[in-house]
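Structure first, commentary second.
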Amino acid sequence: MNDILPPDSARWEWLEGVIRSLMDRYAYRNIRTPIVEPTALFVRGLGEVTDIVEKEMYSFEDRLNGEHLSLRPEATAGVVRAVSENSLLYDGGKRLYYMGPMFRHERPQRGRYRQFHQIGAEALGFPGAEIDAELILLANALWHELGLQNVRLELNSLGQPHERQAHRVALISYLQQHSALLDEEARRRLHSNPLRILDTKNPAMQDVVNAAPRLIDFLGAESLTHFETVTAILDANDIAWTLNPRLVRGMDYYNLTVFEFVTDQLGSQGTICGGGRYDYLMEQVGAKAAPAVGWALGVERVLELLKEQGKVLAAPACDVYAIIPNAASLPAAIKAIEAMRAAGTSVQMHASAASGAGMGSMKSQFKRADSSGAAYAVVFGEDEMARGVVSVKSLRDGSGAQVEQALSDVSSWAPNLQSRATN
Ligand code: ATP
Ligand code: MG
């Protein structure tokens with residue numbers, strides 16, 4: 001679990017800002033659900049035989065009433081619960097997005113943490129393939145806006161439960177024939193959740209799962225049409241994709257379209273975003289049935305990939321550093337600084353240091369002003385203030401040019417000092 005500190009936190013805020021603006025253009029609205037949910041919601045929603053439910057959840061008993069609770073390992077189940085409890089689908093489908101921390105007890109490594117952050121989009125109440133495509137286009141537009149490259153889209157269809165049943169029989173029989181090649185986990189899941197075996201990360205099992213019966217070959221006409229409608233929209237929008245018949249995703253709740261955005265630049269944690277259709281989840285958690293589809297991206301992985309690709313942000317800096325040589329000037333200086341801020345100018349005020357005596361010398365204050373990255377220093381000198389003025393010095397152009405400005409007129413000159421770099 002990581003602390004996210006400045007200046008790095010500025011990258012997080014930038015990413016969140018880009019996503020908010022994009023969600024707005026696709027008409028997705030923000031939803032915020034609790035971090036803690038009843039454990040049963042995840043067990044029923046994600047499936048009993050999944051990595052998350054079997055071994056990754058932070059679960060505990062409420063000391064006061066014995067309720068079984070878990071820190072959310074993902075947000076879709078909570079969104080579905082909230083949509084149902086608040087009857088959000090009474091007047092048609094809803095497009096929603098969320099941002100926030102998720103918790104999974106995994107082995108920490110690059111791109112894999114125990115508290116990590118997801119941003120996700122969900123469209124509930126829409127059965128059509130056009131919404132699957134819309135969500136994929138939305139994610140793709142995001143990579144574009146962020147300037148991310150080398151992200152490829154993998155698609156699969158998990159069909160419907162009856163089609164999965166036929167595939168399951170074929171898959172179990174195939175895996176039984178190759179049982180010598182299966183690891184312990186795969187043997188354990190052979191009858192409880194054979195599909196999940198296709199998702200194995202064990203290098204020794206790649207050949208055997210690659211040659212396994214493909215779910216897509218078991219799909220009927222309707223499921224195939226759904227898949228082809230999605231891919232036709234992607235093709236028309238010049239979105240490259242590949243079929244990955246082994247793509248099954250980590251939760252049991254998916255059906256029909258599933259997808260992942262993958263990169264080769266993050267080692268083995270290469271999936272930056274994954275999602276799919278989950279038409280049966282509402283029912284599964286005890287809500288009124290409704291079709292739905294969504295995705296979630298891993299914020300840490302997206303930021304890491306941006307870094308890997310050399311995308312740097314200018315370190316955040318203020319417009320103005322306020323230099324206040326004499327403590328006696330503080331009340332009047334701060335009044336003027338407040339007026340500058342009200343006019344939209346960002347001001348970092350010099351403050352006395354824990355170690356030093358009082359406000360510190362002019363020289364040391366100027367030093368701080370330089371290292372703050374501010375474009376201007378505004379000096380609240382005692383003599384100048386007695387004359388009703390301050391001096392404004394440019395810190396960036398090397399000229400050291402200095403002009404006087406009237407204290408009585410802050411709101412007219414302060415906006416001219418706004419020079420922050422925007423990314
Ligand atoms: P993986 O196969 O890497 O374990 P997953 O299938 O468990 O991923 P999802 O539950 O689909 O992942 O979550 C969506 C995205 O959230 C992932 O594609 C990934 O970018 C991110 N993610 C998942 N688990 C973690 C984690 N422990 N640390 C950081 N990011 C994560
Ligand atoms: Mg996982």
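Counting starts at 1 for both ligands and their atoms, in listed order. Note that this is a predicted model, so its numbers are computed, not measured.
- Residue contact check for ligand 1: Gln118 places a non-hydrogen atom closer than 4.0 Å to it.
- For the pair Glu300 and ligand 1, the shortest N or O to N or O distance does not fall below 3.5 Å.
- Distance check, rounded to the nearest 0.5 Å: OG of Ser70 to CD of Glu56 gives 12.5 Å.
- Listed by number with element, the atoms of ligand 1 under 4.0 Å from a non-hydrogen atom of Thr271 are 17 (C), 18 (O), 19 (C), 20 (O).
- The aromatic rings of Tyr58 and His105 are tilted relative to each other, their planes meeting at an angle between 30° and 60°.
- A distance of 6.0 Å or more separates the ring centres of Tyr28 and Tyr97.
- Which parts of ligand 1 touch Cys273 is read off a 4.0 Å heavy-atom cut-off, strictly below it: atoms 18 (O).
- Protein heavy atom nearest atom 29 (C) of ligand 1, with residue, atom name and distance: Gly111 O, 3.2 Å.
- Closest approach of Gly220 and Glu163 over heavy atoms only: N-OE2, 2.8 Å.
- When all heavy atoms of Glu61 and Gly66 are compared, the closest pair comes out as CG-O, 3.4 Å.
- The single protein non-hydrogen atom nearest to atom 21 (C) of ligand 1 is Gly298 CA, 3.6 Å, given as residue, atom name and distance.
- The closest non-hydrogen atom to atom 4 (O) of ligand 1, taken over Arg112, Glu106, Arg110, comes from Arg112.
- Among Glu74, Arg301, Glu304, the residue whose heavy atom lies nearest to atom 19 (C) of ligand 1 is Arg301.
- Contact annotation: for Ile52 versus ligand 1, there are no heavy atoms closer than 4.0 Å.
- Between His178 and Tyr174, the two ring planes are tilted [angle within 30° to 60°].
- A distance-only check finds a donor-acceptor pair linking the side chain of Asn86 to the backbone of Ala82 [under 3.5 Å].
- Residue Ala296 approaches ligand 1 through these ligand atoms, each under 4.0 Å from one of its heavy atoms: 14 (C), 15 (C).
- Counting protein heavy atoms only, atom 30 (N) of ligand 1 is closest to Phe116 CD1, 3.4 Å.
- When hydrogens are left out, the protein atom nearest atom 28 (N) of ligand 1 is Tyr113 N, 3.0 Å; that is the closest non-hydrogen contact.
- Judged by a 6.0 Å distance limit and a 45° cone about the ring axis, Lys94 is not positioned over the six-membered ring of Phe126.
- Close approach of ligand 1 to Ile272 (heavy-atom distance below 4.0 Å) involves ligand atoms 18 (O), 20 (O).
- Interatomic distance, CH2 of Trp295 versus CG of Asp132, reported as 14.0 Å (0.5 Å rounding).
- Ligand 1 lies within reach of Arg249, whose nearest heavy atom is under 4.0 Å from it.
- Distance from atom 5 (P) of ligand 1 to its nearest protein heavy atom, with residue and atom name: Arg104 NH1, 3.9 Å.
- Scanning both residues, Leu215 and Ser157, for their nearest heavy atoms gives CG-O, 4.0 Å.
- Proximity of Lys201 to ligand 1 is established by a heavy-atom distance of less than 4.0 Å.
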